[in-house]
Every structure is written in structure tokens, then in C-alpha cells.
Amino acid sequence: MTPELIIAIIVTVVGASTPILIAATGELVVEKAGVLNLGVEGMMLVGAIAAFITLFLTGNHYLAIALAAAAGVATSLIFGFLTLSLSANQTATGLALTIFGTGFSALAGQGYSARPVTLLGPLFPAEIATHPVWRVLFGYSALVYFSLAMVIAVWWFLKKTRAGLILRAVGENDLSAHSIGYSVVGVRYAAVAFGGAMAGIAGACFPLLLTPQWAERMTAGRGWIAVALVVFASWKPFRLLAGAYLFGLVMTMELYAKAGGGPLSVIPSELWAALPYLVTIAVLVLISIRRDASSNAPACLGRPFLPSN
Amino acid sequence: MTINRRTILKAGAAAAALPLLGSRAFAQGEPLKVGFMLIGTPNDNGWNFGHAQGAKFMKDTLGELVAEPTIVENVPEGPDCERVLRELAQSGHKLIFATSFGYGDYVIKVAQQFPDVKFEHATGYQRSDNVATYNARFHEGRAVCGTIAGHLSKTGKAGYIGSFPIPEVVMGINSFVLAARKINPAFEITPVYISTWNDPAKEADAARAMIDQGIDIIAQHTDGPAALQVAEERGIVGGFGQGADMSAFAPKAQLTSIIDHWGPTYVQSAQAVIDGNWASADRWPGLKEGEVQIGPYNESIPADVVAAAEAVKNGQIDGSFNIFTGPINDHTGAEKVPAGVTLTDAELLSMDWYVEGVNPPA
């Protein structure tokens, strides 16, 4: 492998990992607040179509990202209303949200599939990224730096701030948090909305970062990988970062190995396709062997908050 | 009229509630009702779009002889499609096109219950008295693309993004390489199967992976323009549109495109039902019949290359040229088809080997 090829692979891996990382960072905060939202895939699709239509109509990439976030929030609030205000089952509601998002995005995207747009260009001027090494560091669009910044911000928020402590308290013991005067439902609404915004932006990565078009179901299951990734990372932001890049690496290396021959190309496609999930299972087994195992899952995860009980 | 599954189910329920309205109720001279069952929506700019365009072409050509075609979208390849087929038949459709491979078993089953309704199954292989099958010789278009690739590629290396290694895809790859190697005997191609028909981000990454490793021509047998967009962005020699003209996505990179044109075959079938001489058959038309068409050539292609591509196209139209005429070696170099022998349709439809010049995938 030449250095140029390695750099090219890194650039592709970063692109493939970014939407998963953004969506998973949002879902991590949602789950830390004790809510399991399985609607990530659906919110991503709504974000993707919102971003695409905005971009197609205005040509403004940053407005597209903003409206994708807003669309993600709006979709997540449907989930929030049903599960938080009406105490509906979170698993079923989340699955329904994915089905809704898939159908709604297809409906909203009618007539947009044959329309080309342009990718969001690199954040830094091209002069900085001429040398290959600098390209690895400074050659990406703003979405990539956003994803990394959000990992740090979420870690800092959860670990170092009072608000983060309250959010974790709500996720670990909702009744206690309620009894000392915190609004459990309010905190959870905020977390769900944040998760929606992040899923919307993750969806925006598809037309803006990966392939400048709209296609129905274009997220192709990456929302589910994001949900799995949160468990994989045992709810820790920096493990999430490592996991997202590991998944991105596996997904990308499959294609480079097949295209380039070499020792890795003997692995059959089916095994490559299964690898991210096999890695998830392997990591889950490794984590559960350890003592602190499942204790890291928020104690109230997926439980509706019913203070009267 | 484009209606969704729910509407057709209601229509079917209404028809079922009036069992006396049998086929006799449709008097002579009433327009023929034709139904189409699609696996996706016509918005895909590819496969389903092509069939919807074909339905429109049929209506435009036959005018008052046919009713506005009924198109049922998003019908999965499973038991649900049986219900859709039955309800189309019960609501007076006398000719029904099922346009995805996986509908086959259900078409045969429902057709037994409606002997006076004619069914046609795209890309299928099972027939009965009232079930016909039809397909298109897409590989003829691939030979035209391969000819262009052989002339224009500087590295002599092409990438080919495939969905699954099924005969239809393998046939296209082989046709492409055979044509390219007639121009450049050192031409080689690496197929990458991505195990999906619709994951544009994965297609784009596959294209990046191939371009980063030295290919300068890209072809794909998936449903979207993602690979062409990467080709445009990276400025390689180019690629080819599949199913429809994709030049809007890649004005520089799309060298030409293979366009599905199902219209004529739909007109022919509907006319046969109206005339009362429809018969079950297996139709596999191609360039000659106009079912497969070659889109406009990119302006950047030199005139002599366009002429060579046109020669291959016209040779296939007048029957003087067949890409699958030997000598053909397989990828190990062993002779597979002797000189002067042409592969039969049955051999093509079960093709599971690669010709010389293909680096076979694992």
C-alpha cells in the first residue's frame, strides 16, 4: 500500500463514520436520560430529505444542515409526546417512528430523486490541504469537525456540568430526581429533542457528505448501527468515537479490499457485511465478562416515568 | 392514474363484494384494463421508473383501446403480492404485468385461479397457459459501453459495481469486458459486489475505493447515479448511466447510458389481448426491438470512438455481431467457447463464470 492509498482510505473511512458518529452521539444523550429511542433511522431519513430539499431549493449547505436538525427535532417530538407525555411503550413507539420516517421521507421526496445537488466542500481553504498529511487533518467538510466537536462537548456536558449531572440522575433514578424537584419529563424532552437534532444532521450527511442525491431509504440501516454503537460503547462518548471509526473502517475496507485484490479480498462479501455486527457481539461479550458490565447502562433506560405509581 | 396499494385493496374489496360482476360484465369495445405491479416507486430514476414510463407509452400509443393503466407501487416480493395480484384480477384487469423477479411463484399461483386474465412476469422463468415472461437484453448495451471503455481508458482498468452475482449481472460484466478487450487486449475489470440494490452511500464509497486504486472507467449494475457522481467529482475518464439517462448527475463523466424502454413490449402485449391472439411466450428483446436503447454520447468522446460504438450497436441490431460468439476464454485463460460458436440464451441465463480480463471476486 502506498502512502497515497492509505490517506485515501482514511479520508473515505472518516466520511463513512461521520453520520454514524453524529447519530450515535445524539442517541447516547437520549439513553443517558433514560429514554430508548429506536427511531434513529427514521429521523435520519427525515433529516436527509429536509437537507436535500433545502439544498436543492436554496443551494445553501449550512441552511440545509440547520433545517435537517429542525426536521429531526420535529420528528423526535412526536416520539417524545407519545412516550413522555402519554407514557407509551418506548420500544414500539421508536420502531413506529422509523417506519413513519421512512414513509414520510419517501413521500416528501417524490420527484426529487432525479435532481442533482453538490456536496458540502472542505471547511478549510484548499491551500492548507495540499500536502497529503494536511489533507488527512484539514481536508474535510464542516460536518466531520462538527461530529468530533460534539463528542467532546457531550463528554464535557455529561461529566463536568451540573446540567449533565441532572440528566444522568434522571436516567439513573427518575423517582429520586423527581422527588428533589427536577422535571424528569422536561429533561427527557430536551434529551429527545437533542437526539432528534443530531439524527437529522446525521441524515443530512448523506446528501451533503457522501453522495449528492436523494434516494428513498438512502441511510440503508446506518441508524440501526448507531443504536447498536451506543451499547457497543457502553454509553461512553470516547468509546463511541472509537467504535464509529471501527465500524467505518470495516465498512470501507470491505470495498477497498474487493476493488484492489490482495489478501483481504478473499473474505466473502457476506462475511464483510456481517462484520460490524459480529464485532458488536464480540465487544458485548467482552464487556459483559467484566464486572462493571451492564451496570453502565442507565438504570431507567426504556422505563416510562410514572410518578404516581 | 397512479394509485397506491391501499386504494387498490379498496377497489378489490368493492369488486369482491359484487361477485356477479364477472368478466361478462365487460362488454366488447370497452377499454382494456392493464395493471402493473412495481417493487418500488417510479421515483427511483431507474428500474421502476422504466416500467412506469412503459405503462405511459402503452397508454399514449393505444389511446382509447386501453384504460388508464393501474400502477400499484411498493409491492414486496412476498405473500402480499399475491393479494395485490388477485385484487387486480378481480377488479377487471385483463392483463397484469408483475415487474420483479421474486413475484414469480405468486404469479403462477394466482394465474391458475384467473384463467381468462393474462399475466406477464418480468425477468422470470416460470410460464403457464396464461403467464408469459419477458426481459431485455441489457448486455447488448453493455457491449457498446465496453467498446467505448476500451478506447478511452488510459489505465486499461475499469471497476464494475454489482449488486449480487446473479447471471444477469455476470452477463453484463462479461459483455462489457469482451467488448473492451476487442479494442485493448490488456483491459481488465474488477467487479465489486455490494450486496444491495439500493445503498447509494455504499455505491459511492465503492467507487471511491476503486478510483483510489487506479481504475479510470466505472460501470455499475445498481439502481442509482452515485458511482457516476463520484466519477464526476474525481474527474476520471467516466462511466455509464444504467436504466435511464443520468447525465444530469454527471454531465462530464457520463459517457453514454443504457436506457430501458419497455413501452413497445407493453403495447405489443396489450394489442394481442385486445385482438384475442395473446399467447404465453418468453420474450427477450434487445437493441433491435428498441427495448434496450443507447442514450446520447458525451460530446467529449472522439468521433472515431462514437463510430466504433455505433458499429457495435448496429451490428447487434442487424444480427451481424454477437458479443457472446467465441473464441471466449474464461478468467483462467482456458477456452470456454470455441471460435464461431455463440452462447445460447439458456447458457446466458445461467451464466456463472467470468471471461478473461475479469478479476473474479471472492
Side-chain angles (χ1 to χ4, degrees), chain A residues 1-2 4-9 11-13 15-16 19 48 103 106-107 109-119 205-207 209-222 248 251-262 264-274, chain B residues 2 4 40-46 48-49 73-74 157 159-162 164-165 190-215 222-230 232-234 244-251 359-362:
Chain A
M1 268 202 234
T2 62
E4 287 78 21
L5 181 57
I6 292 170
I7 286 164
I9 292 174
V11 170
T12 309
V13 170
L107 177 70
Q110 296 252 342
Y112 284 100
S113 59
R115 315 280 179 154
V117 291
T118 54
L119 292 175
C205 288
F206 285 80
L209 183 69
L210 298 174
T211 175
Q213 56 163 317
W214 163 250
E216 283 177 23
R217 300 167 193 243
M218 73 186 302
T219 54
R222 288 174 186 73
M251 290 180 345
T252 306
M253 278 318 292
E254 169 192 359
L255 301 168
Y256 277 87
K258 285 184 191 168
L264 286 177
S265 67
V266 299
I267 303 175
S269 320
E270 293 78 8
L271 185 57
W272 276 114
Chain B
T2 301
N4 61 26
T41 70
N43 296 318
D44 69 349
N45 205 34
N48 296 295
F49 173 77
E73 303 171 1
N74 277 326
K157 288 193 174 101
Y160 201 111
I161 302 176
F164 300 94
T190 305
V192 169
Y193 290 109
I194 59 169
S195 306
T196 166
W197 287 104
N198 183 23
D199 182 347
K202 194 169 180 185
E203 279 174 55
D205 280 346
R208 292 183 181 108
M210 297 195 289
I211 293 169
D212 286 339
Q213 296 183 83
I215 64 119
T222 47
D223 286 343
L228 272 176
Q229 288 181 310
V230 175
E232 181 88 5
E233 177 196 326
R234 294 289 180 91
D245 183 15
M246 297 175 173
S247 56
F249 292 95
N359 301 314

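Residue numbering restarts at 1 for every chain, and letters A, B, ... go by the order of the sequence lines.
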Exercise for the section: Over all heavy atoms of both residues, which pair between G260(A) and Q213(B) is shortest? Give the atoms and the distance, please. Expected result: CA-OE1, 3.2 Å
Handout entry: Side-chain donor-acceptor pair present, T211(A), E203(B), cut-off under 3.5 Å
Key = no
Problem - R115(A), part contacting chain B, at a heavy-atom distance under 4.5 Å - result: backbone
Fill in the blank from the handout: Bottom line for N359(B): the part with an atom under 4.5 Å from chain A's heavy atoms is neither
Completion exercise
dist R222(A):CZ -> K202(B):NZ (nearest 0.5 Å) comes out at 8.0 Å
Problem - Polar side-chain atom of Q229(B) near backbone of P212(A) as donor-acceptor pair, under 3.5 Å - result: yes
Fill in the blank from the handout: If you tally heavy-atom pairs under 4.5 Å between each of Q213(A), M251(A), M218(A) and chain B, the highest tally belongs to Q213(A)
Fill in the blank from the handout: Applying a strict 4.5 Å limit to non-hydrogen atoms, the region of A209(B) in contact with chain A is both
Fill in the blank from the handout: Rounded to the nearest 0.5 Å, the CG atom of N74(B) sits from the CD atom of E216(A) at a distance of 6.5 Å
Problem - Residues L255(A), I194(B); criterion side chain to side chain contact (heavy atoms under 4.5 Å, CB included); working and verdict - result: CA-CA 8 Å; L255(A) 301 168; I194(B) 59 169; 4.0 Å; yes
Fill in the blank from the handout: So, the part of E4(A) with a heavy atom under 4.5 Å from chain B: the answer is neither
Completion exercise
Shortest non-hydrogen pair, E254(A) vs Y193(B), comes out as OE2-O, 4.3 Å
Completion exercise
When the 4.5 angstrom heavy-atom criterion is applied to L119(A) and chain B, the contacting part is side chain
Exercise for the section: Just give me the residue among T190(B), D205(B), D212(B) that pairs up with chain A most often, heavy atom to heavy atom, under 4.5 Å. Expected result: D212(B)
Handout entry: Closest-packed option against chain A by number of heavy-atom pairs under 4.5 Å, given P225(B), S195(B), G40(B)
Key = P225(B)
Fill in the blank from the handout: Cut-off 4.5 Å, heavy atoms of chain B, and the answer for F206(A) is side chain
Handout entry: A248(B) to P116(A) - nearest heavy-atom pair and separation
Key = O-CG, 3.1 Å
